[in-house]
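Residues take their numbers from the sequence shown, with the count starting at 1.
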Amino acid sequence: MTKIDVVINNKSGLHARPASLFVKEVNQYKSDITVIKEGQSYNGKSIMSVLSMGIPQGQHVTIMAEGEDEKEAIEAIKKLVDNNFGE
């Protein structure tokens, strides 16, 4: 298992467009992706699950990947978050 802690810094948080980019990115990997917000776990490969988190700007979350390509998945997710989902 590989995990990172990130802060969602884009202006509108993890709303529809960034959430769809996140899900599209993580679905390229075989690993299971879990997002943890305030102790609750969410399926990172499900758009409904990601949207239901209601992540605003400045929110700290933990992203965990478990599987054969977990390191690559975490690196790609970190890059996406660090680039503010292209916003």
Over all atoms of both residues, closest heavy-atom pair of [X] and [Y]:
X	Y	result
L80	F22	CD2-CA, 3.7 Å
I33	A73	CD1-CB, 3.9 Å
A19	L51	CB-CD2, 3.7 Å
V26	G44	CG2-O, 3.1 Å
E68	S31	N-OG, 3.8 Å

To the nearest 0.5 Å, what is the distance between [atom1] on [X] and [atom2] on [Y]?
X	Y	atom1	atom2	result
N83	N10	CG	CG	11.0 Å
E72	Q28	CD	CD	12.5 Å
I8	M53	CD1	CE	8.0 Å
Q57	L14	CD	CG	12.5 Å
K37	Y42	NZ	OH	5.5 Å
K78	I4	NZ	CD1	6.0 Å

Can you list, pair by pair, the side-chain donor-acceptor contacts under 3.5 Å of residues 59-67, counting residues two or more places apart and other chains?
unit_1, atom_1, unit_2, atom_2, d
T62, OG1, D5, OD1, 2.5

Quick one: does any side-chain atom of S49 pair with a main-chain N or O of S46 as donor and acceptor, under 3.5 Å?
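The answer is no, because no donor-acceptor pair under 3.5 Å joins these two groups.
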
I'd like to know if the side chain of D69 and the backbone of K30 have a donor-acceptor N/O pair within less than 3.5 Å.
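Checking the backbone N and O of K30 against the side chain of D69, a donor-acceptor pair under 3.5 Å is found.
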
Cluster link I36 to I55, ILVMFWY, side chain under 4.5 Å:
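Different hydrophobic clusters.
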
Mind checking whether Y29 and I74 sit in one hydrophobic cluster, side chains of I, L, V, M, F, W, Y counted as touching below 4.5 Å?
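No, Y29 does not connect to I74 through the hydrophobic network.
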
Between K3 and E70, does any side-chain N to carboxylate O distance fall below 4.0 Å?
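No.
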
Are K79 and E25 close enough, and set up right, to give a salt bridge (charged side-chain N to carboxylate O under 4.0 Å, His left out), and what steps lead you there?
CA-CA 11 Å; K79 183 177 178 181; E25 183 67 39; over 6 Å; no

N9: which residues meet the side chain to side chain contact (heavy atoms under 4.5 Å, CB included) condition with it, sequence neighbours left out?
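N9 satisfies side chain to side chain contact (heavy atoms under 4.5 Å, CB included) with V7, N84 once adjacent residues are dropped.
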
Between I47 and S20, is there a side-chain heavy-atom distance shorter than 4.5 Å?
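Yes, close enough: below the 4.5 Å cut-off.
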
